[in-house]
Peer 1: 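For reference, the structure I am asking about is given below.
Reminder, nothing fancy here: chain letters follow the sequence lines and each chain counts from 1.
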Amino acid sequence: MSSDAYMSSDDDRPLGSLQNDGKANTGRGTANGYAKEEASDSPMSEDEDMPLSQVTAPKSEPVTPAKSLRRKRAAALDSSSEDDDTPLASSPVKQSAAISMPGTSKASTVNGHKAVKAESDGKRSSTAAKKKRASTKKGPPQKKLKREDHDASESPASEGEESTPVKKEKVSRKRKSKVKEETDAEVEEAGKSKSAKKRAVSKKVKDGADGSATPQPKKKGKVKDEAEDEEEVYKWWEAQQNNDGEVKWQTLEHNGVIFPPPYEPLPSNVKMRYKGKEVDLPLESEEVAGFYAAMLETEHAQDATFNKNFFEDWLKVLQDHPPRNKIKITNFEDCDFRPMFEHFEAEKAKKKALSTAEKKELKKQKDAFEEKYVTCLLDGRKEKVGNFRVEPPGLFRGRGDHPKKGALKFRVRPDDITINIGEGTPIPVPNMPGHWKAIVHDQTVTWLANWVENVNGNYKYVFLAAGSSLKGQSDMQKFEKARELKNHVDRIRKDYSADLRSKVMADRQRATAMYFIDKLALRAGNEKGEDEADTVGCCSLRCEHVTLEAPDFLIFDFLGKDSIRYYNRVSVDPQVFKNIKLFKDNKEDSDNLFDRVNTSLLNKHLASYMKGLTAKVFRTYNASITFQQQLDEGTPMNATIQEKLNAYNHANRMVAILCNHQRSAPKTHEQSMGKMRDRLRSLKYDRMKLRHVLFNTDPKYKKQKQYADDESDLDDDWIEDHEKSLKNKEIEKAEKKFAKDNEKLVQEGNEPQPDSVLQEKIEAAEAEYKRVAKERGTGKAKLKRDRPPEKIEETVQKLDEKIKTFKLQMDDREAGKEVALGTSKINYLDPRITAAWCSAHNVPIEKIFSKTLLVKFPWAMEVDDAWKF
DNA sequence: TTGTTAACTTAGAACTTCCCTA
DNA sequence: TAGGGAAGTTCTAAGTTAACAA
């Protein structure tokens with residue numbers, strides 16, 4: 001694509017200023033060289049002098065119909081005065097690994113960045129800097145802490161007020177002609193007459209194994225049988241694909257969603273305190289207090305923003321539902337939620353203490369209740385629904401420095417929820433009072449229900465489960481698209497490498513951004529709003545996030561998705577280094593590094609190479625191709641399963657590091673590593689003893705290499721401690737056995753053994769300890785019972801294997817303590833790579849894919865050994 | 001042209017179950 | 001056989017992206 005394609009008259013403007021809140025990047029005089037059109041290798045070149053960037057006039061927040069709808073709704077909720085309102089309810093990582101740069105054959109350390117978790121006071125831009133930044137994200141609905149009751153028994157007027165604009169909102173976009181919306185009454189009527197007319201278009205395919213046709217989809221009400229369910233796996237990947245990408249289903253039947261149970265008040269003796277006095281809270285305010293009390297010992301309750309937001313929202317609830325004993329709550333510090341916390345803890349303990357049978361019974365009841373929601377009928381086939389449980393009310397657990405963390409998340413009710421279901425299908429009845437907000441029949445989307453959440457105004461959806469055909473198809477398409485990139489990537493790389501020197505600033509910036517996305521697997525990086533945590537991706541990087549280190553190193557340090565810190569010191573193409581120097585020139589730390597690139601422009605450019613190509617595809621492509629290369633290069637031949645698994649995990653880990661997938665190290669990691677080290681030494685001790693026995697038997701063993709070397713990490717002090725502990729364990733064991741035997745004897749009406757029996761055993765253990773102590777340091781040993789040397793040789797060999805396997809497990813655990821392997825396994829690694837690898841190396845796939853993953857990836861399981869990404 | 005919305009994927013935390021060791 | 005810790009699963013926040021609207 002010609003670089004001129006993006007050269008509009010506006011191109012002179014730094015994009016940052018186009019998107020900010022009106023305070024454009026002004027005030028730095030005329031020296032802001034980055035605002036020019038043409039780029040030059042030298043930041044000092046005279047070409048740099050360009051007109052001042054145009055300033056965008058301050059804008060008030062535009063109000064779109066959907067937003068206005070939400071505001072209207074919020075206002076309506078706010079103005080409600082009904083009394084029956086129910087309140088609704090790090091440690092631093094040092095990862096360093098040398099792995100092949102995606103798309104290059106040379107090994108490099110580019111991706112071996114250090115991944116470090118954000119600390120609470122971690123890398124943040126100043127508030128001032130933040131304010132300078134663009135604020136493009138949609139505004140949240142106005143805060144409202146009261147709401148209208150939309151109970152089924154309410155007047156139709158309120159229903160109408162809500163549903164009319166909703167219709168507008170829901171069908172305003174692409175689907176005007178496809179979506180038909182009905183009122184509950186209309187739908188119920190229609191359901192009665194039309195339910196028989198099902199357009200079952202599912203096509204069962206022949207089972208690959210036996211060639212026999214699989215049975216037609218089960219009719220509703222057929223007796224459930226697990227074996228039968230097995231047979232019913234619909235192999236959509238073998239069926240003829242007739243997916244135009246628009247219509248996702250023909251018929252859809254489901255039972256809606258499960259609402260959480262209503263709030264159960266605390267026992268009358270459990271009360272929070274204010275200034276030491278018990279507060280008699282009405283249900284509504286008690287519930288919200290309870291949300292906080294339950295989190296008292298989590299990190300959330302230590303967070304000032306969280307506490308502030310919670311308290312503000314709670315005060316609003318308290319305004320309408322004040323303490324019955326007239327206590328005036330005004331100061332957060334004077335609140336003591338501990339009695340509530342302790343009550344919850346006690347309840348938890350009670351639940352934990354239930355017998356297995358009781359727990360089973362509860363589970364059975366829960367399963368029975370949920371059964372009808374777990375699955376739906378999609379094109380006549382039974383499919384699992386994913387999140388059919390509506391999110392319960394609570395406090396918003398925003399990550400990182402989210403400005404709204406701690407805010408009250410309302411209880412979602414039927415009149416908040418839009419149901420998407422097949423036309424003519426019976427409409428589910430909510431399991432709590434109220435009517436659905438709306439019913440739609442939109443075949444172009446995959447969701448079964450949605451609602452708008454109150455804290456950020458985000459849409460929430462109920463989708464099918466990961467193992468469903470819809471999700472599976474989309475997953476497979478994702479990987480196929482990533483594979484298709486193989487055919488284009490050389491050209492794309494060639495082009496952006498050339499564009500790194502482009503005279504057009506916008507092109508040069510875009511090329512540099514593409515370099516990062518390709519080489520470092522950065523996310524696209526959309527702009528974010530003031531009301532969100534300050535995190536960035538490639539296009540939204542600010543100058544403060546990248547530091548130059550001569551001759552060619554860049555140090556990236558920023559908070560990415562989920563406020564996870566991305567830290568990487570990486571050697572880059574000298575031209576990239578020059579470019580970053582140029583882009584940073586004359587800018588402030590808080591300015592956008594790429595002022596002429598945004599995700600939209602970047603993705604449009606990518607799409608010109610390949611249909612559907614976006615920044616995200618690069619991440620999938622680079623993850624999978626890296627994984628394939630790592631497996632191909634790193635899998636040992638003629639190795640044990642454990643060794644192969646280690647190679648697999650290593651490859652997986654390289655991808656996780658590339659993608660910066662982190663987890664907090666298990667709290668007990670150090671302790672458990674310590675235990676493992678002890679166990680390893682103990683195995684080595686056993687080996688040493690056996691070697692010494694062999695030496696004692698025949699000096700020839702000393703000359704044999706496999707026996708000659710000492711176990712390196714066994715020092716004298718440790719050996720002494722270990723032998724003492726062996727002795728103590730022996731004595732303990734004898735004592736236990738003695739007590740147990742006596743108990744049995746007494747039960748059988750016999751005399752217990754005399755103490756002397758135990759004493760003898762203790763003395764024997766002491767004697768053995770003394771004997772072993774004498775052997776210490778002599779290089780020779782004897783067994784309690786003689787064994788032929790061949791048998792001892794055999795045991796040493798077995799111990800060698802055990803030690804080797806154990807060491808591998810330890811290495812694996814240590815290397816992976818702060819790396820989350822799951823995310824890449826679930827989202828980025830083409831499962832066919834794993835299936836082919838397992839098959840080629842005789843590794844049972846169950847060792848790698850959990851049950852859920854096997855269910856998620858059935859489409860990938862039939863590839864042959866030679867399959868490559 | 002630019003910002004917004006809706007729909008979907010990706011992500012770590014939180015919770016639950018399983019398995020191994022003592 | 002309990003209980004501690006790891007693995008597996010669920011939950012929901014936080015991204016990306018295409019289409020749409022002003």
Side-chain angles (χ1 to χ4, degrees), chain A residues 8-10 15 18-19 56 59 61-67 69-70 117 134-139 169-170 172-176 248 298-300 348 352 359 363 386-387 389 391-392 394 396-400 402 404-405 409 442 444-447 450 452-453 455-461 463 465-466 470-471 474-475 478 523-529 532-533 535 537 539 560-564 598-600 602-604 607 612 614-617 619-620 659-664 666-669 671-672 675 679 729 732-733 736 813 820-824 826-828 849-853:
Chain A
S8 70
S9 56
D10 277 336
L15 294 184
L18 294 176
Q19 291 153 354
T56 313
K59 283 179 203 160
E61 195 185 35
V63 180
T64 61
K67 189 182 281 182
L69 165 79
R70 281 193 238 158
K117 281 224 139 182
S135 172
T136 61
K137 186 101 201 285
K138 63 180 179 273
E169 173 192 10
K170 295 307 299 172
S172 62
R173 275 181 42 185
K174 55 180 176 176
R175 294 180 290 278
K176 275 177 190 148
K248 304 281 173 48
T298 67
E299 278 185 19
H300 297 294
K348 253 193 243 170
K352 205 178 158 194
K359 281 181 192 161
K363 171 95 167 62
N387 51 331
R389 296 179 199 95
E391 293 174 19
F396 174 65
R397 297 173 184 218
R399 313 242 169 100
H402 198 296
K404 291 186 176 176
K405 59 164 110 170
K409 244 177 77 167
D442 189 346
T444 68
V445 295
T446 65
W447 53 267
N450 81 1
V452 177
E453 152 269 347
V455 176
N456 298 293
N458 289 331
Y459 277 75
K460 297 282 186 163
Y461 296 88
F463 290 114
L470 282 179
K471 291 278 187 192
S474 133
D475 233 21
K478 172 182 77 183
R523 294 188 185 84
N526 288 305
E527 288 292 333
K528 293 188 76 187
E532 295 171 284
T535 64
C539 295
K561 183 177 179 181
D562 291 313
S563 296
I564 295 291
N598 62 29
T599 54
S600 177
L602 186 88
N603 282 338
K604 268 181 198 148
T614 64
K616 186 171 162 286
V617 180
R619 230 167 118 84
T620 313
C659 295
N660 200 37
H661 291 146
Q662 297 184 36
R663 62 168 185 170
S664 33
K667 282 173 196 136
T668 49
H669 176 79
Q671 196 186 331
S672 96
K675 276 186 188 169
R679 169 116 180 91
K729 274 182 195 159
E732 219 174 281
K733 206 170 122 190
K736 272 188 187 162
R813 180 171 300 185
L821 300 185
T823 308
S824 47
I826 294 167
N827 301 300
Y828 288 103
F849 282 165
S850 65
K851 205 178 80 194
T852 341
L853 282 188

Peer 1: Within the structure, does a side-chain N or O atom of A/N526 lie under 4.0 Å from either OP1 or OP2 of C/dG15?
Peer 2: no
Peer 1: Ignoring the backbone of A/K528, work out which of C/dA14, B/dA7, C/dG15 is nearest its side chain.
Peer 2: C/dG15
Peer 1: Take A/C659 and A/T823 through the test side-chain contact (heavy atoms from CB on, under 4.5 Å) and record every step on the way to the result.
Peer 2: CA-CA 9 Å; A/C659 295; A/T823 308; over 6 Å; no
Peer 1: Would you say A/N387's side chain and A/Y461's backbone share a donor-acceptor pair under 3.5 angstrom?
Peer 2: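 Checking the backbone N and O of A/Y461 against the side chain of A/N387, a donor-acceptor pair under 3.5 Å is found.
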Peer 1: Given B/dA6, C/dT17, C/dG15, identify the nucleotide with an atom nearest to the side chain of A/Y459.
Peer 2: B/dA6
Peer 1: Just how far, in rounded Å, is P of B/dG12 from CD of A/E299?
Peer 2: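 Taking CD of A/E299 and P of B/dG12, I get 17 Å after rounding.
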Peer 1: Counting any heavy atom closer than 4.0 Å, what does A/F396 reach on the DNA or RNA strands: base, sugar-phosphate only, or nothing?
Peer 2: sugar-phosphate
Peer 1: On DNA chain C, nearest-nucleotide positions of A/F849 versus A/T614: which is more 5'?
Peer 2: A/F849
Peer 1: With no hydrogens and no angle check, is any side-chain donor or acceptor of A/K616 less than 3.5 Å from a backbone partner on A/A524?
Peer 2: no
Peer 1: Have a look at A/K616 and say if it touches a base, only the backbone sugar-phosphate, or nothing, with a 4.0 Å heavy-atom cut-off.
Peer 2: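 The answer is sugar-phosphate, as A/K616 gets under 4.0 Å only of primed atoms, P, OP1 or OP2.
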Peer 1: What is the minimum heavy-atom distance between A/V455 and A/K404, and which atoms define it?
Peer 2: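 Smallest interatomic distance, heavy atoms only, reads O-NZ, 3.0 Å.
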Peer 1: Which nucleotide wins on minimum distance to the side chain of A/T446, given the candidates C/dT12, B/dG12, B/dC8?
Peer 2: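 Of the options given, the side chain of A/T446 lies nearest B/dC8.
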Peer 1: Nearest of B/dA11, B/dA7, B/dT10 to any side-chain atom of A/K478?
Peer 2: B/dT10
Peer 1: Could you state the atom-to-atom distance from CZ of A/R523 to P of C/dA14 in whole Å?
Peer 2: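 Distance, rounded to whole Å: 13 Å.
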Peer 1: Would you kindly give the CZ-to-P distance between A/F463 and C/dC11, to the nearest whole Å?
Peer 2: 16 Å
Peer 1: Quickly work out the A/I826 CD1 to B/dG12 P distance and round it to whole Å.
Peer 2: 10 Å
Peer 1: Is the base of C/dT12 touched by the side chain of A/K460 through a donor-acceptor pair closer than 3.5 angstrom?
Peer 2: no
Peer 1: Rounded to whole angstroms, how far apart are CG on A/L602 and P on B/dT2?
Peer 2: 16 Å
Peer 1: Give one of base, sugar-phosphate or nothing for A/S474, where a contact means two heavy atoms less than 4.0 Å apart.
Peer 2: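 A/S474: backbone/sugar contact only, no base atoms under 4.0 Å.
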Peer 1: Assuming nearest nucleotide by heavy-atom distance, tell me which of A/K363 and A/T620 is located more 5' along DNA chain B.
Peer 2: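 This one resolves to A/T620.
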Peer 1: State, yes or no, whether a side-chain contact exists between A/K528 and A/T535 at a heavy-atom distance under 4.5 Å.
Peer 2: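 A side-chain contact under 4.5 Å exists here.
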Peer 1: Students often get this wrong, so: under 4.0 angstrom with heavy atoms, is A/G537 touching a base, only sugar-phosphate, or nothing?
Peer 2: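 The residue A/G537 makes no contact with any strand.
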Peer 1: Of all the nucleotides listed (B/dA7, C/dT10, C/dT12), which has the minimum atom distance to the side chain of A/R389?
Peer 2: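 Shortest atom-to-atom distance from the side chain points to C/dT10.
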Peer 1: Answer whether the closest heavy-atom distance between the side chains of A/N456 and A/F396 falls below 4.5 Å.
Peer 2: yes
Peer 1: What residues, two or more places apart in sequence or in another chain, satisfy salt bridge (Lys or Arg N to Asp or Glu O under 4.0 Å) together with A/K359?
Peer 2: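 By the salt bridge (Lys or Arg N to Asp or Glu O under 4.0 Å) rule, A/K359 matches no residue at all.
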Peer 1: Is any side-chain nitrogen or oxygen of A/K248 closer than 4.0 Å to OP1 or OP2 of B/dC8?
Peer 2: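 Checking B/dC8 against A/K248, a side-chain N or O does come within under 4.0 Å of OP1 or OP2.
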Peer 1: Between the protein and nucleotides 3-7 of chain C, which nitrogen or oxygen pairs are less than 3.5 angstrom apart?
Peer 2:
unit_1: C/dG5; atom_1: OP1; unit_2: A/Q671; atom_2: NE2; d: 3.2
unit_1: C/dA6; atom_1: OP1; unit_2: A/S672; atom_2: OG; d: 2.8
unit_1: C/dA6; atom_1: OP1; unit_2: A/R813; atom_2: NH1; d: 3.4
unit_1: C/dA6; atom_1: OP2; unit_2: A/T668; atom_2: OG1; d: 3.2

Peer 1: If you find the nucleotide of DNA chain C closest to A/G386 and the one closest to A/T599, which residue's nucleotide is nearer the 5' end?
Peer 2: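 Final value for this comparison: A/G386.
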Peer 1: So A/R399, base contact, sugar-phosphate only, or nothing? Heavy-atom distance under 4.0 Å.
Peer 2: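 Base: the residue A/R399, judged by heavy atoms under 4.0 Å, touches a nucleobase.
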Peer 1: Calculate the interatomic distance between A/K851 atom NZ and C/dT10 atom C1'; express it in whole Å.
Peer 2: 13 Å
Peer 1: If you measure from NZ on A/K248 to CG on A/L470, what distance do you get to the nearest 0.5 Å?
Peer 2: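 So the NZ of A/K248 and the CG of A/L470 are separated by 8.0 Å.
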Peer 1: Within less than 4.0 Å of OP1 or OP2 of C/dA13, is there a side-chain N or O belonging to A/K409?
Peer 2: yes
Peer 1: When you check the phosphate oxygens OP1 and OP2 of C/dA13, does a side-chain N or O of A/N458 lie under 4.0 Å from one of them?
Peer 2: no
Peer 1: For B/dG12 and A/T823 - does any side-chain N or O of the residue sit under 4.0 Å from the phosphate oxygens OP1/OP2?
Peer 2: yes
Peer 1: Provide, to the nearest angstrom, the distance between the OH atom belonging to A/Y461 and the P atom belonging to C/dA14.
Peer 2: 17 Å
Peer 1: Side-chain N or O of A/H402 less than 4.0 angstrom from OP1 or OP2 on C/dA13?
Peer 2: no
Peer 1: Under the side-chain hydrogen bond (donor to acceptor under 3.5 Å, both in side chains) test, which residues partner A/K460, sequence neighbours left out?
Peer 2: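 side-chain hydrogen bond (donor to acceptor under 3.5 Å, both in side chains) list for A/K460, sorted by chain: A/E391.
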Peer 1: Nearest to the side chain of A/E391 - B/dC8, B/dG12, C/dA13?
Peer 2: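 Ranking B/dC8, B/dG12, C/dA13 by closest atom to the A/E391 side chain puts C/dA13 first.
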Peer 1: In whole angstrom, what separates A/D562's CG from B/dT9's C1'?
Peer 2: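 Rounding to the nearest Å, CG of A/D562 and C1' of B/dT9 are 13 Å apart.
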Peer 1: Out of curiosity, A/T446 OG1 to A/K471 NZ, how far, rounded to the nearest 0.5 Å?
Peer 2: 5.5 Å
Peer 1: Under 4.0 Å, heavy atoms only, any strand: does A/G560 hit a base, just the sugar-phosphate, or nothing?
Peer 2: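 Since only primed, P, OP1 and OP2 atoms lie under 4.0 Å of A/G560, the category is sugar-phosphate.
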Peer 1: When we call it a touch if two heavy atoms are under 4.0 Å apart, what does A/N603 touch: a base, just sugar-phosphate, or nothing?
Peer 2: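 Sugar-phosphate, backbone atoms only, no base.
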